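Let me begin by presenting the structure, written as structure tokens, before commenting on it.
Bear in mind that the values here come from a model prediction, so they are computed numbers and not experimental data. When a ligand or atom number is given, it counts from 1 through the structure's own listing order.
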Amino acid sequence: MTTIDTVSSLRAAFDAHGQAHVLRHLDALTPNAREAFLAQLSDVDLALVARLAKPAADEKHTFAQLAPAPYVALGGDTTDARGAGEALLRAGRVAAFTVAGGQGTRLGWRGPKGTYPATCVTGRPLFRGFAEQIAAAEKRYGCVIPWYIMTSPLNDAETRSFFRDNNWFGRNPADTFLFPQGTMPSVTFDGKLMLETPGSLAVNPDGHGGAIRALHASGALEDMRARGIEQMSYFQVDNPLVRIADPVFLGLHAGHAGGKDARSSGEMSSKMVAKRDAAEKVGVFCDVGGKTGVVEYSDMPAELTTAVDARGMLRFNAGSIAIHAISVAFLERLASGGEDGSFALPFHRAKKKVPYWCDAQGKTVEPAEPNATKFEAFIFDALALATKSLVMETSRTEEFAPIKNASGDDSPASSHQIQSNRHGAWLEKFGVKVPRRPNGDVDAQIEILAETALEADDLSDTALPREIKPGDEVVL
Ligand code: UTP
């Protein structure tokens, strides 16, 4: 039970920061609602909110020293890297890690995004597709790949029920570890905290960068250590084509039998795809003062975004697809805190539409326009803290079909097309006749399940059709 003293000191602290307005309904709340609200208020770092709400005048990025980051291009000999990655997998040293705490507002799906029916023929939910891929890799390498999933307080319960209702997709429940990330309060454009209801603040998940703190606080890092995990395969919940256990990437990142790749410290590596065009809104891998980092699309000066080299190719073409390999040792170092005892990653600001409690209307109102600033940390900021960092090119068709928007680019429709393009190309490799439209897209829906093939060459022992007809729906 909260004491009167605690309530008065909370009031005093909120008052001192000009935030006492959020306590205006406190006395009208039921005892339980009041307790819950006071607990939420005591968790707010008022000084941090005040600092973040007022950007320093000199904070705008300047990129005098920006150069394209070097990367391992597609098409090289990957035999050694593959061998090293396979050895890591066989020895059970690799975990999977999905960040699934986002709100998925652009897609507008009712539940957690991982429950979205994502595949082009069977409509498999994203979580099921990942689980089946992990199970197939476990079978292939004779190992356990523990799966860590970061949810948020807003979607944790629903995500857990989804896994329970689906019997953990046939995998041992002890090998899936769900944990919620932290939240940050949203503020109005003049820095005021907002109520979502009379007894709760408007908060948002603290960004995928919140993973560092959450992996530590939840005990996930400790669990990895106890299991002998050395490397973590990091991916977002919205890309059904991600290759979770990619031996080539893991091998390049963690080191070959003959020693570490000189470009990697084995701490944090990334995959990139060549940007579609200058206007594509993805972060770009850059060399920032000698360190590899991701520069956000909106922070990139226009003359650099459109700059081309002697061959007419975009100079800054290494688009980030948010796939990383990260070592447990590196995560432990970050989680043990920077010099100021923080979790090391800075917060970014974004203007968003945040539902808020309106006293006059007596209800929570959905604003039509952005009305608030959200604070989020980004995982790619950890790259700057790695000693060295490797970037590997991959093919967009092979590995990147994100579902972000309800329509247009990065939507279910575009993802389905890329899925069919990938699987069509796999079949063509084995002589199957696959219909294509004039623009090169496959003119059929083709889904290849993880248990059938994790990559094209796995189809060598599979009975394949001789031809696929336009408009066919095929599941293998
Ligand atoms: P996005 O940047 O696409 O954000 O997240 P989002 O919240 O899912 O979607 P919108 O912007 O509201 O439409 C990229 C990945 O990072 C995860 C998401 O779940 C997704 O896998 N994420 C994002 C978190 O885990 N936590 C966060 O706080 C934010």
Side-chain angles (χ1 to χ4, degrees), residues 52 96-116 118 125-127 129-130 147-156 158-159 162 177-186 202-215 217-218 220 232-242 244 270-271 280-283 294 296-298 319-324 326 343 345-355 366-367 370-382 399-412 414-415:
L52 294 175
F97 177 43
T98 312
V99 285
Q103 293 174 290
T105 37
R106 285 170 289 171
L107 181 62
W109 173 243
R110 289 167 281 109
K113 210 192 243 188
T115 67
Y116 185 80
L126 286 153
F127 282 137
F130 300 144
W147 186 14
Y148 300 84
I149 301 168
M150 184 172 81
T151 62
S152 85
L154 289 72
N155 69 14
D156 186 72
E158 254 189 290
T159 307
F162 189 70
F177 192 121
L178 294 151
F179 59 94
Q181 65 179 112
T183 58
M184 282 294 282
S186 312
V203 296
N204 59 273
D206 59 359
H208 37 64
I212 311 273
R213 183 192 291 268
L215 279 164
S218 63
M232 203 179 75
S233 166
Y234 168 104
F235 57 100
Q236 303 195 149
V237 75
D238 51 25
N239 178 13
L241 290 192
V242 62
I244 299 170
S270 315
K271 283 190 183 173
E280 191 183 8
K281 291 185 178 165
V282 288
V294 173
E296 284 183 85
Y297 173 82
S298 50
S320 171
I321 52 172
I323 298 175
H324 302 282
I326 310 179
F343 278 77
L345 303 187
F347 282 101
H348 298 250
R349 300 177 184 78
K351 291 186 176 167
K352 298 274 174 153
K353 289 188 256 183
V354 173
E366 303 268 348
N371 61 330
T373 306
K374 283 188 183 180
F375 305 117
E376 291 190 333
F378 297 156
I379 194 75
F380 55 70
D381 282 327
E399 271 199 79
F400 191 51
I403 297 177
K404 301 258 183 212
N405 304 309
S407 58
D409 283 345
D410 299 342
S411 66
S414 68
S415 177

Which residue holds the protein heavy atom closest to [atom], what is that atom called, and what is the gap in Å?
{"atom": "atom 22 (N) of ligand 1", "value": "Gly102 N, 3.5 Å"}
{"atom": "atom 28 (O) of ligand 1", "value": "Gly207 N, 2.7 Å"}
{"atom": "atom 16 (O) of ligand 1", "value": "His208 CD2, 3.3 Å"}
{"atom": "atom 25 (O) of ligand 1", "value": "Gly101 N, 2.8 Å"}
{"atom": "atom 6 (P) of ligand 1", "value": "Gly104 N, 3.6 Å"}
{"atom": "atom 12 (O) of ligand 1", "value": "Thr105 OG1, 2.4 Å"}
{"atom": "atom 26 (N) of ligand 1", "value": "Gln181 OE1, 2.6 Å"}
{"atom": "atom 7 (O) of ligand 1", "value": "Gln103 N, 2.9 Å"}

Closer than 3.5 angstrom, by distance alone: can the side chain of [X] be matched with the main-chain N or O of [Y] as a donor-acceptor pair?
{"X": "Asn239", "Y": "Ala401", "result": "yes"}
{"X": "Ser152", "Y": "Gln181", "result": "no"}
{"X": "Asn155", "Y": "Ala100", "result": "yes"}

Sub-4.0 Å heavy-atom contact, Gly210 with ligand 1: no
Residues Gln103 and Lys374: side-chain donor-acceptor under 3.5 angstrom: yes
Pro205 contact mode with ligand 1 (heavy-atom cut-off under 4.0 Å): both
Phe378 ring center near His208 ring center (under 6.0 Å): yes
Centroid-centroid distance, Phe177 to Tyr148, less than 6.0 Å: yes
Side-chain touch Val237/Ile149, heavy atoms, less than 4.5 angstrom: no
Per atom 2 (O) of ligand 1, closest listed option by heavy atom (Met150, Gln236, Arg106, Lys374): Arg106
Closest candidate by heavy atom, reference atom 21 (O) of ligand 1, pool Ile149, Leu126, Val99, Ile403: Val99
Shortest non-hydrogen contact between Lys353 and Pro367, atoms and distance: CD-O, 3.3 Å
Gln236 side, atom CD; Ile403 side, atom CD1 - distance, nearest 0.5 Å: 12.5 Å
Proximal atoms of ligand 1 relative to Lys404 (non-hydrogen, under 4.0 Å): 1 (P), 3 (O), 14 (C)
